[in-house]
Protein chains: 2
Amino acid sequence: MPVDDALAQDCPIREVLDRVGDKWSTLIVLRLGQRTHRFNELHREIDGISQRMLTLTLRALVRDGLVSRTAYPTVPPRVDYELTELGRSLLTPITALHEWAVAHRDDIRHARAGHDQAAHAPHAGPSPEPLAAHP
Amino acid sequence: MPVDDALAQDCPIREVLDRVGDKWSTLIVLRLGQRTHRFNELHREIDGISQRMLTLTLRALVRDGLVSRTAYPTVPPRVDYELTELGRSLLTPITALHEWAVAHRDDIRHARAGHDQAAHAPHAGPSPEPLAAHP
DNA sequence: CTGTATCCCCCGGGATACTG
DNA sequence: CAGTATCCCGGGGGATACAG
């Protein structure tokens, strides 16, 4: 499929990005990629997530068929969340993304540092502006 | 590298997700993966993006060393944006993500439809609740 | 053409309290 | 334990106008 289609307005990648895009979904999927988790396990392990967002994000993931929810009618209640096969298949690309992040984190750090320093420097731009006239 | 590290609080994937996460960055990178673009070309081709967000997102991408900006001091001005090598390397994982999206868009659609229908159905859940007592 | 500067609204999402 | 229900604030981001 041509990439152009992916860039059209109603393209599928937008839907996916709306899921992968929010950090919580991705972090949850990565966690569940390790093993099945209970609600509070996720709550404890994913630092900074609020109960509300954990609930909402899990609901969305279940709705999209990426995560399965199993409730045991015991007291106290127990609910297990685990990746579906679809969810596990998503693990592949987001793991690739994760690996890229790890491999290039320093590149980004350096780029930022260099860029910020250039901005604060007194003057004399690092790159001589290209000169040209265009039609 | 163990995935656990990626799930720690200050993990690199969070930084990356903050970039890839917002839909605009990814769409811009995909566009620039095709070819160099001028400002207004991106503005026209990326449906729905505001001038403000295009500017801000491009600035962030340049700052992170993913995109290079070349301004020609002509009148009218002309500015070219293109992926750096780092940017092109990012293209690989997000293309993988894109391909996943294309391959599984229907799966998600169906999952959603099924889930929503089950919610609206009069009664009789589709999956018989598992019964068990746990320690 | 390529931005910058403002205004301003909306809602994402945190904090807190309550329930089955 | 596993959620729901409310309140409420900040800032993300659109619309618009202006500038080099």
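First the proteins, then the strands, lettered A, B, ... as listed; each starts at 1. This structure is a prediction, so every number in the text was calculated from the model and none was measured.
Atom CZ of B:Arg78 and atom C1' of C:dG3 are 16 Å apart (whole Å). Atom pair B:Asn40:CG and C:dT2:P shows a separation of 5 Å (rounding to whole Å applied). Separating the CZ atom of B:Arg44 from the P atom of C:dC1 is a distance of 7 Å, rounded to the nearest angstrom. Rounded to whole Å, the distance from CG on A:Leu54 to C1' on C:dT16 is 17 Å. The distance from atom CG of B:Leu58 to atom C1' of C:dC1 is 14 Å, rounded to the nearest whole Å. Distance NE2 (A:His43) to P (C:dT16): 13 Å, rounded to an integer number of Å. Rounding to whole angstrom units, CG of residue B:Leu42 and C1' of C:dT2 are separated by 12 Å. Per the geometry, CZ belonging to B:Arg59 stands 16 Å off P belonging to C:dT2, to the nearest Å.
The residue among A:Gln51 and A:Asp22 whose nearest nucleotide of DNA chain C lies closer to the 5′ end is A:Asp22. Where A:Tyr81 and B:Arg52 meet DNA chain D, the nucleotide closest to each residue was compared, and A:Tyr81 sits on the side nearer the 5' end.
Between the CG atom of A:Leu17 and the OG atom of A:Ser25 there is a distance of 11.5 Å, given to the nearest 0.5 Å. From B:Asp80, atom CG reaches atom CZ of B:Arg38 across 7.0 Å, with rounding to the nearest 0.5 Å. We find the CZ-CH2 distance between A:Arg31 and A:Trp24 to be 12.5 Å, quoted to the nearest 0.5 Å.
Residue B:Pro77 places its side chain closer to C:dT2 than to any other of C:dT2, C:dG3, C:dG14.
By the side chain to side chain donor-acceptor pair (under 3.5 Å) test, A:Asp107 pairs with A:His104, sequence neighbours left out. Annotation: side chain to side chain donor-acceptor pair (under 3.5 Å) contacts of B:Arg63 (sequence neighbours excluded): A:Asp116.
Using modelled atom types and a 3.5 Å distance limit, the side chains of B:Trp100 and A:Thr92 yield no donor-acceptor pair.
In 5' to 3' order, the nucleotides of DNA chain D bounding all contacts with chain A (an atom under 4.0 Å from a heavy atom) are D:dC1 to D:dT4.
The stretch residues 82-102 of chain B participates, sequence neighbours left out, in no salt bridge (charged side-chain N to carboxylate O under 4.0 Å, His left out) pair at all.
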When the side chains of residues 49-62 of chain A are checked against the rest of the protein, which donor-acceptor pairs come out under 3.5 Å, sequence neighbours left out?
unit_1  : atom_1 : unit_2  : atom_2 : d
A:Ser50 : OG     : A:Met53 : N      : 3.2
A:Thr55 : OG1    : A:Gln51 : O      : 2.9
A:Thr57 : OG1    : A:Met53 : O      : 2.6

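A rotation axis mapping the C1' atoms of four pairs onto the next four is fitted at both ends of the helix from C:dC1-D:dG20 to C:dG20-D:dC1 over five pairs, and the angle between these axes is 50° to 10 degrees.
Note on A:Lys23 versus B:Asp18: no salt bridge recorded, every NZ/NE/NH1/NH2 to OD/OE distance being 4.0 Å or above.
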